[in-house]
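Atom set for the values below is all heavy atoms of this structure, side chains included, hydrogens, waters and symmetry mates excluded. What you see is a predicted model, and the numbers here were worked out from it, not measured in a lab.
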Amino acid sequence: MTILENRIYMDNLRQGWLNEIKAVVFDFDGTLAVLNIDFSEMRERVFELMRKYGVREELLEERYVLEIIDEVTLILSKGNSSAAEEFYQKAHLILHEIEMKAAEEGRMLPGVKEALISLKGKGIKVGIVTRNCEEAVRKVLPDIEKCCDVFISRDSIKKVKPHPEQLTSVVKALHVTGEETLMVGDHTIDIQAGKRVGMKTVGVLTGRTQREEFEKAGADYILRDASEVCSLLTSRE
């Protein structure tokens, strides 16, 4: 098969699964909006807190902050359940404070709100999932219910992406299957999470993730921004 023939074959294959898409699930921060959360400050303050509880950084694997909090809570729970709960609550207060501060100056990316409403108008179900707290998201997008059918923040789920639970919950709420759903995000964890539940995936270049990283993660499509999803799905008609 020549390069051209292979490209035509792949385009036809993609066109086939595009026709099966009934729902689109979007990440929020970096995909639909800009919050500019100070993750360095967040990480350092959580490390400072856990040191007060006698847990050292070197005991932990390199992970994202939410997973670090869960791991420290588990470590503490083996010896003192009340200390574990206290640490968990204080750590999440740190996250909430920093996220709300970022949300004060947060903004929706150009064209994405209109794109969400347009998708709904075409009969495509829309979900929004985020590792952020619900209050920060609603600060940036107060009328979120007009833009999606289901919204799941970290406040309403036990395990957030890349764990599959968050996306499994959203497809169940949308009454679709993973295979009928497109996952759109600005980070490779969005691609990983989508693939774990059978979704097709789209990486958008509005965050810090480069095209090469999305290609390595196996994204089915890479777009400039989330508003282009409308054009992608319209092309199947």
Side-chain angles (χ1 to χ4, degrees), residues 17-18 20-33 35 37 63-71 73-74 85 88-89 91-92 95-96 99-100 103 108 112-113 115-117 119-120 122-204 207 209 217-221 226 229 233:
W17 63 251
L18 276 176
E20 303 300 319
I21 297 299
K22 297 180 180 178
V24 183
V25 177
F26 294 88
D27 166 58
F28 189 74
D29 184 15
T31 301
L32 300 178
L35 268 68
I37 296 170
R63 297 185 181 182
Y64 300 110
V65 176
L66 283 172
E67 285 73 19
I68 288 172
I69 292 172
D70 287 344
E71 188 171 349
T73 301
L74 179 62
E85 179 62 23
Y88 183 88
Q89 295 299 332
H92 275 270
L95 270 57
H96 183 271
E99 288 173 358
M100 289 304 296
M108 297 296 291
V112 297
K113 188 174 180 180
L116 296 176
I117 295 171
L119 286 171
K120 289 186 66 179
K122 294 176 181 293
I124 297 171
K125 297 178 181 180
V126 175
I128 296 176
V129 297
T130 180
R131 288 167 58 94
N132 296 347
C133 69
E134 180 173 342
E135 191 176 354
V137 172
R138 290 186 180 277
K139 182 74 175 179
V140 181
L141 184 57
D143 56 346
I144 191 169
E145 278 80 12
K146 292 182 180 180
C147 301
C148 69
D149 300 290
V150 176
F151 167 46
I152 300 180
S153 71
R154 73 159 179 265
D155 300 323
S156 54
I157 203 77
K158 289 183 179 180
K159 296 288 186 179
V160 294
K161 56 189 174 73
H163 191 281
E165 182 181 344
Q166 197 171 25
L167 296 190
T168 299
S169 297
V170 77
V171 295
K172 183 178 180 180
L174 291 172
H175 303 290
V176 293
T177 66
E179 291 73 16
E180 295 171 329
T181 308
L182 197 63
M183 176 66 209
V184 183
D186 73 308
H187 199 284
T188 54
I189 65 173
D190 299 308
I191 308 303
Q192 294 164 9
K195 286 183 173 298
R196 285 175 181 171
V197 294
M199 296 178 175
K200 297 300 181 181
T201 57
V202 174
V204 291
T209 306
D220 295 289
Y221 275 95
V229 173
L233 293 180

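- In this structure, K120 places its NZ atom where more than 12 heavy-atom neighbours from other residues, nucleotides or ligands lie under 6.0 Å away.
- For the side chain to side chain contact (heavy atoms under 4.5 Å, CB included) test with M183, the passing option among V170, V24, V129 is V129; the others fail.
- Put simply, the side chain of D190 does not reach to within 4.5 Å of the side chain of V184, judged on heavy atoms.
- The shortest side-chain heavy-atom distance between Y221 and V229 does not fall under the 4.5 Å cut-off.
- Contact annotation: the side chain of Y64 approaches that of I189 to within less than 4.5 Å [non-hydrogen atoms, C-beta and beyond].
- A pairwise comparison of heavy atoms in A219 and G203 identifies CB-N, 4.2 Å as the closest pair.
- What you find for I69 and A91 is that their closest heavy atoms are CD1-CB, 3.7 Å.
- Looking only at side-chain heavy atoms (C-beta outward), I128 and V137 stay at 4.5 Å or farther from each other.
- Looking at E99, E134, Q166 one by one, the single match for side-chain hydrogen bond (donor to acceptor under 3.5 Å, both in side chains) with R154 turns out to be E99.
- The line from OG1 of T168 to NE2 of H163 is 8.5 Å long, rounded to the nearest 0.5 Å.
- Here the CD atom belonging to E135 is positioned 4.0 Å from the CE atom belonging to M100, to the nearest 0.5 angstrom.
- Closest non-hydrogen pair, P162 versus R196, comes out as O-NH1, 2.7 Å.
- Residue E20 holds its CD atom at 10.0 Å from CG of L18, rounded to the nearest 0.5 Å.
- In this structure the side chain of T181 never reaches within 4.5 angstrom of the side chain of L167, judged on heavy atoms.
- Considering all non-hydrogen atoms of both residues, A103 and A136 come closest at CB-O, 3.6 Å.
- In terms of heavy-atom proximity, V176 sits nearest to A23 at CG2-CB, 3.9 Å.
- Using a 4.0 Å cut-off between a side-chain N of Lys or Arg and a carboxylate O of Asp or Glu, E67 and R131 qualify as a salt bridge.
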Only pairs under 3.5 Å count here: list side-chain donor-acceptor contacts from residues 140-152, not counting sequence neighbours, and write none if there are none.
| residue | atom | partner | partner atom | Å |
| --- | --- | --- | --- | --- |
| D143 | OD1 | K113 | NZ | 3.2 |
| D143 | OD2 | K113 | NZ | 2.9 |
| E145 | OE1 | R138 | NH1 | 3.2 |
| E145 | OE2 | R138 | NH1 | 3.0 |
| E145 | OE2 | R138 | NH2 | 2.7 |
| D149 | OD2 | V126 | N | 2.8 |

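- In this structure, the side chains of V171 and V197 stay at 4.5 Å or more apart for every pair of heavy atoms.
- In this structure, D70 does not pair ionically with R63, as no charged nitrogen and carboxylate oxygen lie closer than 4.0 Å.
- Taken from CG in D186 to CZ in F28, the straight-line distance is 11.5 Å, to the nearest 0.5 Å.
- Remark: T177 OG1 to K22 NZ distance equals 7.5 Å, nearest 0.5 Å.
- To the nearest 0.5 Å, the span separating CD1 on I21 from CD1 on I124 amounts to 9.0 Å.
- Residues D27 and V204 have side chains not in contact (no heavy-atom distance under 4.5 Å, counting atoms from C-beta outward).
- S153 contributes no side-chain N or O that, together with a main-chain N or O of C133, makes up a donor-acceptor pair within less than 3.5 Å.
- With hydrogens and angles ignored, the 3.5 Å screen pairs a side-chain donor or acceptor of K125 with a backbone N or O of L174.
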